[in-house]
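Working notes, structure below.
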Amino acid sequence: MVPVKYNIRSLVVRKTTTAAAGLGLALVVFVFASVMMLGNGIRKTMGRAASPNVAVILRKGSDAELSSGISNESLNLVKAAAGQVSASGKGEVVGEVVVVILLDKIGTDGMSNVTVRGVPDGALGFRSTAKVIAGRAPKPGAADEVMVGNGIRGRFKGLEIGESFELKKNRSVKVVGVFSDDGSSNESEVWGDLNAVQSAFGRDGYVSSARVKLDSPGKIDALKAQIESDRQLGLIVMRESVFFEKQSEMTATFMTALGVLIAVFFSLGAMIGAMITMHAQVASRQREIGTLRALGFSKLSILTSFLLESLFLALVGGAIGAGASLAMSFVKITLLNASSWSEIVFTFDPTPAIIVRSMILAGVMGVIGGFLPALRAARVSPVEAMRA
Amino acid sequence: MSDSDVKEPEATTEDGDAKGDARDNESPAPKGDAPGEGAKADAAKADAAKDSAKSDAPPKSGPYRPTPGKPLIEMSNVTKTFHKGKEPLTVLDGLTLTIAEGAFEALMGPSGSGKSTLLNLIAGLDRPTSGTARVAGHNLEKMSDGELAKFRAQNIGFIFQAYNLLPVLTAVENVELPLLLTKVPSGERRKRAETALRVVGLSDRMGHYPRQLSGGQEQRVAIARAIVNDPTILVCDEPTGDLDRKSADDILALLTKLNQDFKKTILMVTHDPSAAERATTTRHLNKGRLD
Ligand SMILES: Nc1ncnc2c1ncn2[C@@H]1O[C@H](COP(=O)(O)OP(=O)(O)OP(=O)(O)O)[C@@H](O)[C@H]1O
Ligand SMILES: [Mg+2]
């Protein structure tokens, strides 16, 4: 084996070309890791609010609350079923209405969708992770009071505490508090009074979804069996975690696909960069290669040596890119979520698996990019190299 | 992995021997009281040489073991033709040459007469177009590239006009290179490389990079690299061609010492008549033939 320090020092000596190729590789790994982290962040954000013993009930055929509707009579049947299934005789049930409104963004000219959720009294208590972090919760039954999620606070006009905005024309509401919910997508919503939202949007007598909290996750199956067996009712029951997965599926899948696409296309460029660098290395080290061959190093050991050199270059570049991508975890990004058509704030969420995948990508780029130059190095004829 | 390690069944015994070696070297002054630094180094070197000679003797490859009465190098009816341009160029034409073990021979001749080409054939860097090249018990004309690499690693020490040290490695790291093709363990490698540098008088330059050395010093590092594996033959292509008179004389004195004290067979191409005088025999190559 040609010692690896020979390769490392040779790279260090040729600082400029090495740095150029390394940066190209770093950039690709950075973008790849960031997109993967975002995809992961989307899944996490959407799923974060999920509670294991909560079931979400929607109208059959709907995946999202926005397109679902459940009448008050049906809601009462759900309540009855929940009572039967739960041991204590009373499963907790909330029926909520979800609509989308357009609000002016702060800082730009545009407008964007904001999800408004009409919640009954006790909605805060139903979600154990949700809590008021500034101001106060709206008074029970107060039609003109709302609270905003921490994620969109200050990003739209009228969404600061004490400010007002129009839910609908001539239906002004006042922001009295800010709530948080463990960084979940709920934090990108405005929560108001159920009746007020229902009447403002002509949805009286209907809710969008029902949530049932049972004593244990295992009871959800029983509830599902009971409610879904009633064809007339026309409702579907799913675990809250499954519900959230469905909400994020499209966006997260898109992000992952984007990550893979970037990995494929951008890495072509980076591999060509690495290839050019390694070709230059081989060309300027003909005599050294010839010397090694004369000393008795085999073609295979020369091939291995230059492949390792390229791999090393790629891994250092990859480590820089992956390291830089970790800084993205301090960045928040706003995306239009496909299932609610409103903006949700996401974070980049790094995992060890993403870093490992990024480094594997770097390594693969190094080996593929370095292969032809390494082959050329292995083919250097010692006789010719010495004559040059 | 290079194809010149593994494969040999004697791997374990070799390792054992190598450890024995290390112990030998640790015990001070193995051959009585060594009077000076150089002599001690020489003794250690001779020891290492003796040990490695007995430690591995695989049938097909491995260090040369002389057959009494047989010459070390036998080139017979060797032709070398290059096909580079339009016309094929025959550089060596039916050349026959025998060199005995322990010889110090100079090879002279005009530029382009094929001296380097002949040297490359003897060193197993290239194969003849026709004829046989039997060197240190191997028929080089029949060997594959991989086998030739292995042959070079075990039997040949190269000394080039341009030194050809690897610029990013220190003197001692350069000298260690050929040992990476053997089973010598890493601690022992460093010791042997240092011993070789001591033999060429550079014990105070071990950690220096080639660019920090003079030409004469670089060539001495190259010689240390050539002898560290204890090869049978030293092949030198104009070893003093880039050096001033004084450095050249030092190098020639060193080669003489390697020939006389270490019994290395040396083949040296040179344009310098005073360098050729150091050799025991001088041959002249002219238009592809020896006269
Ligand atoms: N690999 C090669 N391909 C083509 N032609 C070659 C090759 N090697 C040597 N030659 C040619 O063969 C001839 C002899 O070359 P060689 O290098 O052996 O000469 P030399 O005697 O060593 O000369 P010098 O004293 O200049 O070093 C030259 O004409 C050279 O151009
Ligand atoms: Mg020559």
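So you know, we letter chains A, B, ... as the sequences are listed, proteins then strands, and number each from 1. Both backbone and side-chain heavy atoms feed into the values below; hydrogens, waters and symmetry mates do not. Remember, predicted model here, so these are calculated numbers, not experimental data.
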- prompt: Are B:S116 and A:V383 side-chain neighbours, meaning at least one heavy-atom pair lies under 4.5 Å?
  reply: no

Value for CD (A:E288) from CG (B:N164), rounded to nearest 0.5 Å, stands at 9.0 Å

Please check if the side chain of A:R293 supplies one atom and the backbone of B:L125 the other of a donor-acceptor pair under 3.5 Å.
no

Correct closest heavy-atom pair for A:S298 and B:A149 would be CA-CB, 4.5 Å

Over 12 non-hydrogen atoms of neighbours within 6.0 angstrom of NZ in A:K5
yes

Cut-off 4.5 Å, heavy atoms of chain B, and the answer for A:L292 is side chain

Turns out that what part of B:Q161 lies under 4.5 Å from chain A's heavy atoms comes down to neither

Separation between CZ (A:R387) and OG1 (B:T117), nearest 0.5 Å, reads 7.5 Å

In this structure, CE of A:M386 is separated from CZ of B:F158 (nearest 0.5 Å) by 7.5 Å

dist A:Y6:OH -> B:L169:CG (nearest 0.5 Å) comes out at 8.0 Å

Worked verdict on B:Y209 versus A:R9 for side-chain contact (heavy atoms from CB on, under 4.5 Å): CA-CA 12 Å; B:Y209 286 92; A:R9 288 186 204 161; 3.5 Å; yes

Under 4.5 Å to a heavy atom of chain A? For B:F82 that would be neither

Cut-off 4.5 Å, heavy atoms of chain A, and the answer for B:A123 is neither

Okay, B:F151 and chain A: the region with an atom under 4.5 Å from a heavy atom over there is neither

So OG1 of A:T291 and CG of B:N174: to nearest 0.5 Å the spacing works out to 9.0 Å

Rounded to the nearest 0.5 angstrom, the CG-OG distance for B:L180 and A:S301 is 10.0 Å

Under 4.5 Å to a heavy atom of chain A? For B:N120 that would be side chain

